[in-house]
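Order of appearance sets the numbers: ligands from 1, and atoms from 1 within every ligand.
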Amino acid sequence: MQILKFGGKSLANGEGLRTVLSIITGKVGQRQPIAVVVSARDKATDQLEAMLEKASQGGDISADFQAFKEYQTAGEDIDFSEEFSILQKIFDGVFLLGNYNDKIKDNTLAQGEVLSAKFITHLLTKQGIKAEFVDSRHFYTTDSFFGNAQLIEDTSRRNTIQYFTQISSEVVPIVTGFIAANVHGQTTTLGRNGSNYSASLLANFLDAEELQNYTHVDGIFTANPELVPDAKIIQQLSFEEANELANFGTSILHAKTIIPLLEKKIPLRILNTFKAQEQGTLICEEGTSTGGIRAISVLEDYALVILEGRGLLGKVGVDARIFRSLADAKISVSIISQGSSERGIGFLVANKEAQKAKQALEKEFETDVYNQDVSKVRVVEDVGVISIVGQNLADFDKPYNALIRNQITPLLINNSATGKNVSVVIYKKDLPKAVNVIHGEIFEISKRINLAIFGRGTVGNTLIEQIFEARTDILKRRNINLQIIAIASSKELLFNHRGITPKQYAFFTEQAHPYAFNQFITLVQQHHLENLIAIDVTASKTFVEHYLSLVKNGFDLVSANKIANTIDYTFYKKLRETLAQYKKQYLYETNVGAGLPLIDTIKLLHHSGENITRIKGIFSGTLSFLFNTYSASNAPFSQILQRAIDSGYTEPDPREDLCGNDVGRKLLILARELDLENEFSEVSIENLIPETLRSGSREEFLSRLQEFDPIYQKIKDNAPKGTVLRYVGDLHGDLSQTQTAHLNVQLVSVPENSALGQVKGADSIFEIYTESYGENPIVIQGAGAGAAVTARGVFGDILRIIGNK
Ligand code: ASP
Ligand code: MG
């Protein structure tokens, strides 16, 4: 025999009811022996409870009751006079008395299940099916703990078996869930959601082969899908695993439901009435093949109460006093945690009882406070609990680290003594983000990385294209879901918390809105976004003002912009301190030598203890091109410069390259990598622009390029034979002894056949001299400029950050 149980929402008028009837008739058609257990229909239980309460407060419930009757009858020709008159009498009495007890309440709520079972019986009979209304109060016997009665098992089993032997095998019994009777025949109930328990008891007593629980959900999920969009259905669970879940608030499993099934190894299938084709979740003897499920449950609306004091150390009976005083105040305590030092005890109570708990404890510990054994009772309101069922504390470091990286610091961590599960108490406001972060970590569902890109210049645009192109591949190969949630120019922002699509980006102008930076931060917070990386591909001198705020709001940083690393050293240090404090990373490989792995190499050498003694090289691709070409040809300087301009090698105003400041900045960045505290003003830079051309408009400058020619011709003529001109950055000095280095940027002549002399095209070259390599520097050479290589380099930094996560 199969037991079919239908929940209230499945039995609601309309689609639910129709589907339930067709499920039952379908089974009957297949000659499958079944018994059906039903809940009250739709919201009947809640409505009955509400009417009872309203009546007790002297309210007029006639309209509510009328609506209730109409809904339950649903236009059918069915006789509910008995149930309606019981209810009418109760409501009248309670109205007069202004009060009711649990016994009256049970009798009231019970009518919901009676009406439901009678109604289904009626409809089936109308369709020519032999169905029989079965009132479970005839055979489920309980104690007299109204509202949550305990079953007397032996009696109930015997009575049930006997009752059902009298029902012919052709008849479908439609049994009331939830309700029972005490030995005096008075109505009791098995606790809210108790119909599930009723059904598993019936399955046990009648030795059913399977219990099918039809609900309005698809099954048991790895987490509440309303909170975690990535949550997945768990296809199969063992009884023990299901029991763990039930204890942690998975609401479709009554805490007692599993035991009767476990006892006889009867499989339970949780199905969605409204999705007949789906398999749902099967709970049976074998669990998940992977050795234990893991699922996450979330409880809200708690407060953390902490009793602190040095005098608690080693004192006997403190815990007992805490729990006795709370029990006396009828406050139930959930998670408890005690530091091993016994200096403080923390535990959770319902939010609304927090102040009451505090008062109870303050009263209980009044003299201890006076003696200074207890320093204070503290309450942290609005906390929530995330429980990870099936989680070993030993393997909790990954999800834990992920929380910290996402700016969520647990207030308390607790692992249960029995079973495998870890509970984390955090502020309620952090729950949505935290549960997604943990879920992503433990189920290794593609990790979602949220990128915000600032700057829509050539590098920015190229980067965005590269990301769009590489996304699918990264998802497939590395299981990383790279989303661009924001693209911003200096004035406008395009934001999509689900990820901007290439199509949406194509319409940037139409879709973007003017914004202030704070609005961007607010958006990120509103959507509880995790794993954030901000990318600065602007050339802005002011955007760096937002770096600290980005870090504090959970962003790692990637930057192609040199400003943050070259403004005053105080800021440089402050930024690094903030990064360390918030455990965030900041990568800027493209600041020097575009995509070449220069900074990374220097960092590695420096941090591994290798003494770097000098760094020398051609730092600017533009100036590299200029002097490589000029040295090798007889054309005048202005002509070569014009060619560089026309090929797009220079900044719009070439003076920005020629003044040497950019090279100076790069040199400074490298110096600071070596923990040297130089300022930009200390870099000695040879300006390549003749004094007469330094001021004035760009247009004017561009029209007077010939003025370069005599100067550079002279330099070329004066250079020794066999040498070429190179614009070289040089970092040197007694680096192990001082806090600063000598930083020079100048035009020099170097031997044609030296490393620097052989550089071609627009290549950059860097020579890193170290103590152990002596006279043979480590040389890094290659394309050191250009939007595509820079964008690649930025992308590389992004991937590196993700890799470290
Ligand atoms: N009708 C009862 C309730 O809503 C029992 C049940 O549906 O399981 O709690
Ligand atoms: Mg529910």
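- Distances between N or O atoms of Ser195 and those of ligand 1 include at least one value under 3.5 Å.
- Proximity to Ser39 (heavy-atom distance under 4.0 Å) selects the following atoms of ligand 1: 6 (C), 7 (O), 8 (O).
- Among residues at least two apart or in separate chains, there is no ring pair (Phe, Tyr, Trp, His ring centres under 6.0 Å) pair with a member in residues 113-132.
- Inspection of the Asp218 and Asn272 side chains reveals an N or O donor paired with an N or O acceptor under 3.5 Å.
- Residue Phe239 forms a side chain to side chain contact (heavy atoms under 4.5 Å, CB included) with just one option from Leu262, Ile259, Ile266, and that option is Leu262.
- Set against the non-hydrogen atoms of Arg192, the atoms of ligand 1 under 4.0 Å away are 3 (C), 4 (O), 9 (O).
- Closest non-hydrogen pair, Val349 versus Ala354, comes out as CG2-CA, 3.9 Å.
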Acceptor/donor pairs from residues 107-115 side chains to any protein atom, 3.5 angstrom cut, sequence neighbours excluded:
| unit_1 | atom_1 | unit_2 | atom_2 | d |
| --- | --- | --- | --- | --- |
| Asn107 | OD1 | Gln111 | NE2 | 3.4 |
| Thr108 | OG1 | Ile104 | O | 2.7 |
| Gln111 | NE2 | Asn107 | O | 3.0 |
| Glu113 | OE2 | Ala40 | N | 2.8 |

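- Of all atoms in ligand 1, numbered sequentially from 1 with element shown, those under 4.0 Å from a heavy atom of Phe178 are 2 (C), 5 (C).
- The shortest N or O to N or O distance between Glu113 and ligand 1 is under 3.5 Å.
- Heavy atoms of Gly194 approach ligand 1 to within less than 4.0 angstrom.
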